[in-house]
Amino acid sequence: METAAPSMMAGSWRIDLGDVRSDLDLTIGEIRQLMDLTALMKRTPTRFANVLKGRYLTLLFEKPSLRTRMTFELAIKQLGGDAIVDTGRIGAREPLKDVARNLERWTQGIVARTFSQTTIDDLAKWASVPVINALSDLYHPCQALADIFTMRERFGDLEGRKLAFVGDGNNVAHSLMLNAARLGMNFSLATPAGYEANERIVSLAREFASVSGARLEFNSDAVAAVNGADAVYTDVWTSMGQEEESAIRRQMFAPYQVNAKLFAHARPGAIFMHCLPAKRDEEVTDDVIELDRSAVFDQAENRLHVQKAMLLMLLS
Ligand code: CP
Ligand code: NVA
């Protein structure tokens, strides 16, 4: 679906976001509007019951999920609509362009978790209804938006705050980096050599940072990255689809474990963040993830609120 200019229609929450193939499909203005609508919907959930009555969502999963599947199903149901879930490789039985043009005849939106970003892009190219990325190899925009919302709840304005991401330069790191850079939030990423973030995404983030004033740092030193951070974020060392590399990854990432010693380099009062699922005693120790200052279950809850706002903007 082609991305159109945003326009808030009178008497409606709809904003023509087009697709959410990646974080790059949302403008800064749209992110801010999404955050404001999320806050309103979280505060006054009953006001929005039934606004999407008669609207249906397709949820396609090539990989497992707890949070994303639960929160998208709940989101559309709490708004009066419904969802239909399908699992397995998209396009295995018939061309992807045919899948897209079937689904658009029955449902008003497609949410897809895929191995390859190309699958999301192709679905968006062929479907006339909005396509939302529910995690690909390159991005996890719904997660990053919930995380931005969670940090705004904790800190208020994010400009000048520091988010440190320690571990793999993966899909979650990419989405967080792009959002932080656009919102003027300082972002430091520490990865082992060979596991750095995608160069093209880093260069886009640098362009955003040159406009917003965000400071971006990339290095292999976990302590330097965490130093003075307001939020310390990590994710699994082995993402879905990389299971064959898990032994070597456990070795390479061992110095990047977020434990009490590393976390102590953050600012006093800093929060711990993780998209979940977490592997305790790999990327994070139990004592850190269980801290009062751990935001992980707020992040999970906020997936629901952010996605409700996104669906309202896209489908109402
Ligand atoms: N954080 C997240 O996307 O979790 P799931 O893989 O359980 O959906
Ligand atoms: N980087 C992880 C995130 C899971 C929500 C993965 O892709 O498996």
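This chain uses plain numbering: 1 for the first residue, then up along the sequence. Whatever order the structure lists them in is the order used to number ligands and atoms, beginning at 1.
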At what distance, to the nearest 0.5 angstrom, does [atom1] of [X] lie from [atom2] of [Y]?
X      : Y      : atom1 : atom2 : answer
Phe149 : Asp147 : CZ    : CG    : 12.0 Å
Phe61  : Asp86  : CZ    : CG    : 11.0 Å
Asp25  : Ile120 : CG    : CD1   : 11.0 Å
Arg154 : Asp298 : CZ    : CG    : 4.5 Å
Leu138 : Arg200 : CG    : CZ    : 7.0 Å
Glu159 : Leu183 : CD    : CG    : 8.5 Å

Work out whether the distance between some heavy atom of [X] and some atom of ligand 1 is less than 4.0 Å.
X      : result
Arg113 : yes
Lys63  : no
Met70  : no

Practice task
State whether the side chain of Arg55 and the backbone N or O of Leu315 hold a donor-acceptor pair below 3.5 Å, judged by distance alone.
Solution key: yes

Starting from [atom], which protein heavy atom do you reach first, and at what distance in Å?
atom                   : value
atom 3 (C) of ligand 2 : Asp235 OD2, 3.5 Å
atom 4 (O) of ligand 1 : Arg67 NE, 2.8 Å
atom 4 (C) of ligand 2 : Leu135 CD1, 3.8 Å
atom 6 (C) of ligand 2 : Ser239 OG, 3.2 Å
atom 8 (O) of ligand 2 : Met240 N, 2.8 Å
atom 7 (O) of ligand 2 : Asn171 ND2, 2.9 Å
atom 7 (O) of ligand 1 : Leu66 N, 2.7 Å

Within ligand 1, which atoms have a heavy atom of [X] less than 4.0 Å away?
X      : result
Arg303 : 1 (N), 2 (C), 3 (O)
Cys275 : 1 (N)
His140 : 2 (C), 3 (O)

Practice task
Look at ligand 2 and say whether Thr238 reaches it with a heavy atom at a distance under 4.0 Å.
Solution key: no

Problem - Smallest separation among heavy atoms of Ala222 and Tyr256, with atom names - result: CB-CD2, 4.0 Å

Practice task
Might you point out which heavy atoms bring Ala214 and Ala181 nearest each other, and give the distance in Å?
Solution key: CB-O, 3.9 Å

Practice task
Select one of side chain, backbone, both or neither to describe which atoms of Gln143 lie under 4.0 Å from any atom of ligand 1, heavy atoms only.
Solution key: side chain

Handout entry: Presence of salt bridge, Asp98 and Arg93, under 4.0 angstrom
Key = no

[X] versus ligand 1: do any nitrogen or oxygen atoms come within less than 3.5 Å of each other?
X      : result
Leu276 : yes
Leu135 : no
Pro277 : no

Handout entry: Atom indices of ligand 2 within 4.0 angstrom of Leu276 heavy atoms, with elements
Key = 5 (C)

Practice task
Could you tell me whether the side chains of Ser128 and Glu104 share a donor-acceptor contact shorter than 3.5 Å?
Solution key: yes

Exercise for the section: On the 0 to 90° scale, with breaks at 30° and 60°, tag the His274-Phe272 ring pair as parallel, tilted or perpendicular. Expected result: tilted

